[in-house]
K.L.:
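One structure follows; several queries about it will come next.
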Amino acid sequence: MKLTARIITTDRTPIFTGSGSLLHVDRVIRSQHLGRDGIFILVDKNTRKHCLPLLLGQSASMTAARILEVDGGEVSKTLQVAEHLWNRMLDEGAGRQSLLVNLGGGVVSDLGGFVASAYKRGIPYLNIPTSLMGQTDAAIGGKTSVNAGTIKNQVGFFYASKGVFIDPLFLETLPENHLRSGFAEIIKCALAGDARLWRRLKNHRLPALLSMPPGHPFFQAMITHAVTIKHQAVVKDYRETGYRKILNFGHTIGHALETWSLGESRQPLLHGEAVAAGMICASYLSKLKAGLPDRDLDDIRTYLAEGFKPYPLGGDEKNALAGLLVHDKKNQQGRSRFTLISRPGIPVINVECDPGEISEAVDFYLQ
Ligand SMILES: NC(=O)c1ccc[n+]([C@@H]2O[C@H](COP(=O)([O-])OP(=O)(O)OC[C@H]3O[C@@H](n4cnc5c(N)ncnc54)[C@H](O)[C@@H]3O)[C@@H](O)[C@H]2O)c1
């Protein structure tokens, strides 16, 4: 594979994207004097098997690192698992100059970032995202968290990493459903942040894009474009008091649906699958409240429906979903606030929608 790595920023967090990004890990560690009290690599079971050998093969700094392993998936994003990791690090003598390297998807980077932010009042960490969700979204922007019960991302900090290394090497072993889930965030970046990216995506049908090898130059260009949009939003508004909220497009109903789907004896949705459903609902609300033209609404629904199957929801479930919206962090005084779009790429933030409008949007999704 041709080496194409490039750096997106030189501010608080350098982000390397493209083939060969891993080759920059050692230089960043050296130049920032990281890991003087040892290096710890956080992996889950799958990334230990598929991704750790690749990292060890490309970074000499990692050869003496100690490995911290958690179970794969959302079950590990808890305070109990974080506490277990803090205890492991204490036992292994990790100090304030230790470095934590998060090698995994969004669960590993959210959890590892959270662990690093609180251990000895904060130690440095790097993100090496291995899922498409991690590469396009979770690993960028310094949001760290664990879940509280079944409610996602309720406890956490803004705590920036010292570097992000986005290498397509890892995506070769990512299961297809996770690749699709991650692609939802690329579509989100396009719809909420850049009409040019939306036009580039629309030149290809979603199933065709998803069957491309992740190392394909077009696929890589999509990742880099999405990363740039996310990064610009983070630079403008690190603490999400304004502009960064554009990245929440599709997430209000998406998060509620994801939480709902994780309940007992339900069909669990991946984060991106839920966001895809949320984007269809948010596009409908965009037509109602922000003047999104019918033609764009149709385009968005058709595009997403080709890649994401509809989630079955009955009347009772819709009511339960409305209850979950109350927990969304974007709400104020109990009213649901949405990020909508007036055109693809033109976001409108903080739009209040009432329960009747939300219910109509869910009906539109289910049609
Ligand atoms: N902090 C943020 O800004 C932010 C943004 C978006 C999402 N998130 C969070 O990210 C999480 C979802 O991320 P995710 O979809 O990456 O989930 P994940 O971390 O659970 O990874 C998905 C699955 O793929 C496996 N995997 C990862 N990389 C692999 C590889 N290269 N080869 C084989 N298997 C691999 C993992 O073990 C896991 O089973 C959610 O918890 C979500 O809340 C955070």
Side-chain angles (χ1 to χ4, degrees), residues 13 22 42-55 69-78 81 102-114 116-117 125 127-148 150-161 164-186 188-189 214-215 226-227 230-231 233-234 238-240 244-245 247-251 254-259 261-262 268-276 278 328-329:
T13 303
L22 282 186
L42 179 63
V43 286
D44 69 24
K45 284 195 165 46
N46 298 319
T47 63
R48 180 173 205 156
K49 178 172 169 204
H50 297 293
C51 307
L52 187 59
L54 299 176
L55 174 61
E69 183 185 306
V70 295
D71 287 338
E74 208 63 32
V75 285
S76 288
K77 239 176 85 172
T78 65
V81 174
N102 299 323
L103 180 68
V107 164
V108 166
S109 55
D110 275 12
L111 171 70
F114 178 76
S117 67
Y125 73 102
N127 278 338
I128 307 186
T130 62
S131 69
L132 189 55
M133 175 68 62
Q135 298 199 343
T136 53
D137 197 355
I140 305 149
K143 273 193 192 178
T144 76
S145 64
V146 291
N147 301 329
T150 56
I151 316 260
K152 283 179 55 74
N153 302 333
Q154 295 296 297
V155 182
F157 303 97
F158 286 95
Y159 187 66
S161 73
V164 182
F165 305 85
I166 298 170
D167 201 305
L169 260 188
F170 296 119
L171 298 179
E172 307 281 340
T173 54
L174 188 68
E176 190 275 336
N177 59 336
H178 286 284
L179 200 68
R180 198 151 35 82
S181 170
F183 217 86
E185 297 292 355
I186 298 184
K188 175 205 74 182
C189 283
V227 169
K230 166 125 197 194
H231 169 65
V234 170
Y238 181 61
R239 290 197 168 261
E240 199 178 297
R244 186 170 175 173
K245 292 181 187 176
L247 300 169
N248 294 331
F249 181 67
H251 280 61
H255 264 154
L257 186 58
E258 184 183 5
T259 301
S261 80
L262 297 175
L269 276 174
L270 296 177
H271 180 71
E273 293 171 331
V275 168
D328 195 282
K329 297 188 293 300

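Both backbone and side-chain heavy atoms feed into the values below; hydrogens, waters and symmetry mates do not. None of the values given here were measured: they were computed from a predicted structure. As the structure lists them, so they are numbered: ligands from 1, and atoms in each ligand from 1.
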K.L.:
Indicate yes or no: does an N/O atom of T173 lie under 3.5 Å from an N/O atom of ligand 1?
P.N.:
yes
K.L.:
If you apply the rule side-chain contact (heavy atoms from CB on, under 4.5 Å), what do you find for Y159 with Y125, and how did you get there?
P.N.:
CA-CA 9 Å; Y159 187 66; Y125 73 102; 3.5 Å; yes
K.L.:
Can you see whether N248 engages E240 through a side-chain donor-acceptor pair at a distance of less than 3.5 angstrom?
P.N.:
yes
K.L.:
On a heavy-atom basis, I'd like to know which of P129, P175, P214, G106 is closest to atom 10 (O) of ligand 1.
P.N.:
G106
K.L.:
Give a yes or no on whether the backbone of G72 and the side-chain of D44 come within a donor-acceptor separation of less than 3.5 Å.
P.N.:
no
K.L.:
Examine the proximity of ligand 1 to E74 and report which part, side chain or backbone, both or neither, has a heavy atom under 4.0 Å away.
P.N.:
side chain
K.L.:
Counting both backbone and side chain atoms, is some N or O of K152 under 3.5 Å from an N or O of ligand 1?
P.N.:
yes
K.L.:
Identify, by atom number and element, the atoms of ligand 1 in contact range of K230, meaning under 4.0 Å from any of its heavy atoms.
P.N.:
3 (O)
K.L.:
Is there a side-chain contact between D167 and L22, using heavy atoms and a 4.5 Å cut-off?
P.N.:
yes
K.L.:
Which residue holds the protein heavy atom closest to atom 27 (C) of ligand 1, what is that atom called, and what is the gap in Å?
P.N.:
T130 OG1, 3.5 Å
K.L.:
Where does the angle between the aromatic ring planes of H255 and H271 fall among parallel (under 30°), tilted (30 to 60°) and perpendicular (over 60°)?
P.N.:
tilted
K.L.:
With atoms numbered from 1 as shown, which atoms in ligand 1 lie under 4.0 angstrom from a non-hydrogen atom of S131?
P.N.:
14 (P), 16 (O), 28 (N)
K.L.:
Within the distance-only criterion (no hydrogens, no angle test), does the side chain of S145 pair as donor or acceptor with the backbone N or O of G156 below 3.5 angstrom?
P.N.:
no
K.L.:
Could you list which atoms of ligand 1 come closer than 4.0 Å to a heavy atom of C51?
P.N.:
30 (C), 31 (N)
K.L.:
Ignoring angles and geometry beyond distance, decide whether S181 reaches within less than 3.5 Å of ligand 1 through its nitrogen or oxygen atoms.
P.N.:
no
K.L.:
Look at atom 1 (N) of ligand 1 and find which of L174, T144, D110, N147 reaches it with the closest heavy atom.
P.N.:
D110
K.L.:
Which residue and non-hydrogen atom of the protein lie closest to atom 37 (O) of ligand 1, and at what distance in Å?
P.N.:
D44 OD2, 2.6 Å
K.L.:
Between H178, H271, M133, R244, flag the one that comes closest to atom 23 (C) of ligand 1 by a heavy atom.
P.N.:
H178
K.L.:
Pairs of nitrogen or oxygen atoms closer than 3.5 Å, one from T47 and one from ligand 1: do any exist?
P.N.:
no
K.L.:
Atom NE2 of H50 and atom CD of E172: how far apart are they, to the nearest 0.5 Å?
P.N.:
12.5 Å
K.L.:
Should K188 be listed as contacting ligand 1, given a heavy-atom distance under 4.0 Å as the test?
P.N.:
no
K.L.:
Among protein heavy atoms, which sits nearest to atom 31 (N) of ligand 1, and what does the distance come to when rounded to 0.1 Å?
P.N.:
F170 O, 2.9 Å
K.L.:
What I want to check is whether the side chains of N147 and E74 have a donor and an acceptor closer together than 3.5 Å.
P.N.:
yes
K.L.:
For the residue pair N153 / K143, report whether a side-chain donor-acceptor contact shorter than 3.5 Å exists.
P.N.:
no
K.L.:
For atom 6 (C) of ligand 1, find the nearest protein heavy atom and state the residue, atom name and distance (0.1 Å precision).
P.N.:
D137 OD2, 3.4 Å
K.L.:
Do L111 and V81 come within less than 4.5 Å of each other through their side chains, counting heavy atoms only?
P.N.:
yes
K.L.:
Residues in side chain to side chain contact (heavy atoms under 4.5 Å, CB included) with L179, at least two apart?
P.N.:
L132, L174, F219
K.L.:
Could you tell me whether the side chain of Y238 and the main chain of A233 form a donor-acceptor pair under 3.5 Å?
P.N.:
no
K.L.:
Among all protein heavy atoms, pick out the one at the shortest distance from atom 39 (O) of ligand 1; state its residue, atom name and that distance to 0.1 Å.
P.N.:
N46 ND2, 3.2 Å
K.L.:
Would you mind checking which non-hydrogen protein atom is closest to atom 18 (P) of ligand 1, with the distance to 0.1 Å?
P.N.:
V107 CG2, 3.9 Å
K.L.:
Is I166 close to P129 at the side-chain level, that is, under 4.5 Å between some pair of heavy atoms?
P.N.:
yes
K.L.:
With a cut-off of 4.0 Å, which atoms of ligand 1 are near a heavy atom of G73?
P.N.:
20 (O)
K.L.:
At under 4.0 Å between heavy atoms, is it the side chain or the backbone of H255 that contacts ligand 1, or both, or neither?
P.N.:
neither
K.L.:
For the pair S76 (side chain) and D71 (backbone), establish whether a donor and an acceptor sit closer than 3.5 Å, ignoring hydrogens and angles.
P.N.:
yes
K.L.:
Is it true that G141 lies under 4.0 Å from ligand 1, counting heavy atoms only?
P.N.:
no
K.L.:
Checking a contact table here: which protein heavy atom is nearest atom 8 (N) of ligand 1, and how many Å away?
P.N.:
A138 CB, 3.6 Å
K.L.:
Quick one: look up the protein heavy atom nearest atom 21 (O) of ligand 1 and list residue, atom name and how far away it is.
P.N.:
G105 CA, 4.2 Å
